Amino acid sequence: MLSNREPYPIIDYLGRPIKLSLFVTYRLRIKNGYILALRRNQHQQVIPNLMAKNAS
């Protein structure tokens with residue numbers, strides 16, 4: 001389980017980890033154990049529950 005000391009992973013709309021870029025506007029949403037970063041033309045697709053993967 002994630003603690004306050006570990007940052008939430010930031011993932012794109014396909015569920016891949018990303019690094020945020022400068023001068024790009026993102027819509028950030030906190031989901032099940034991660035931060036979803038969407039650009040203007042992106043929509044959320046099926047993304048696994050990362051908390052369930054880390055719990056085992």
Side-chain angles (χ1 to χ4, degrees):
M1 187 161 198
L2 294 173
S3 67
N4 290 338
R5 294 183 183 176
E6 294 181 37
Y8 287 108
I10 300 175
I11 63 172
D12 67 1
Y13 70 109
L14 295 174
R16 299 178 301 215
I18 63 167
K19 297 242 181 202
L20 299 179
S21 302
L22 295 175
F23 308 111
V24 176
T25 302
Y26 295 96
R27 182 176 53 221
L28 301 177
R29 295 182 178 173
I30 297 177
K31 293 292 185 177
N32 299 324
Y34 57 87
I35 299 172
L36 178 63
L38 299 172
R39 293 182 180 197
R40 291 185 94 173
N41 60 346
Q42 295 176 337
H43 300 284
Q44 180 180 355
Q45 296 186 4
V46 177
I47 299 175
N49 183 344
L50 298 179
M51 291 298 283
K53 278 186 174 181
N54 294 332
S56 4

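These numbers come from the heavy atoms of this one structure, side chains and all, not from hydrogens, waters or symmetry mates. All values derive from a computational prediction rather than experimental measurement.
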### Query
Minimum heavy-atom separation for R27 to Q42, with atom names?
NH2-O, 3.7 Å

#### Entry: Heavy-atom pair of closest approach, residues Y26 and A37
CD2-CB, 3.9 Å

Side-chain donor-acceptor distances from residues 15-22 under 3.5 Å, at least two apart:
unit_1 : atom_1 : unit_2 : atom_2 : d
R16    : NE     : D12    : OD2    : 3.2
R16    : NH2    : D12    : OD2    : 3.0

### Message
Distance check, rounded to the nearest 0.5 Å: T25 atom OG1 versus L38 atom CG?
### Response
12.5 Å

